[in-house]
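Below is one structure, written out as structure tokens; comments come after it.
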Amino acid sequence: MTVQHLSPEGMLQPVPYHHVAVGTGTKHVHVSGQIARQADGAPVAPGDLAGQVAQALRNTAIGLTGAGATFADVLRLTFYVTQWAPEKIGDFMAGVAFTTGLEVTSRSPGKNTFSNLLCGSSL
């Protein structure tokens, strides 16, 4: 699938993602419910947000690969982080960047970037 990333004039600039992503093609893959656990259910990186994000994304990558896709094909990722606080963003983004190899802070056209990262919170 081809993905075009946009951040049109008149929208908040700069941000560490693109405001708009347009996907064209005939195949849609949805991967859901990925957490910081190995295939055998063993927890990964307890107490380490970057490590937990990285493991959840490694699991997501396995699902994408199984469907013939990569993170370069991803239009949107939604994350739910327990006990979220803004000061955790550095560790969170480190886990994303480490695992995906995609720049999550770049605004340069043509680079692989996530179009939309949504952090939810659960207390």
Test item: side-chain donor near acceptor, N59 and Q55, under 3.5 Å: yes

From CG (L57) to CD1 (I62), nearest 0.5 Å: 11.5 Å

F71 vs V96, side chain to side chain contact (heavy atoms under 4.5 Å, CB included): CA-CA, chis, key distance, verdict: CA-CA 11 Å; F71 279 109; V96 172; over 6 Å; no

Shared hydrophobic cluster for L77 and I89 (ILVMFWY, side-chain gaps under 4.5 Å): yes

Point-to-point distance, once rounded to the nearest 0.5 Å, from NE2 of H19 to OG of S7: 5.0 Å

Member of H5, Q4, M11 meeting the side-chain contact (heavy atoms from CB on, under 4.5 Å) criterion with H18: H5

Interatomic spacing from CG in D91 to CZ in F98 - rounded to 0.5 Å: 13.5 Å

Hphob cluster co-occupancy, F92 + V44, side-chain heavy atoms under 4.5 angstrom: no

Nearest non-hydrogen partners of A72 and V3, listed with the distance: O-CG2, 4.4 Å

Note, V74 side chain near L64 side chain (heavy atom, < 4.5 Å): yes

Side-chain (Q52) to main-chain (A45) donor-acceptor, under 3.5 angstrom: yes

Test item: Y80 and I35 side chains (from C-beta on) under 4.5 Å apart, heavy atoms: no

Any donor-acceptor pair under 3.5 Å from Q34 side chain to S32 backbone: yes

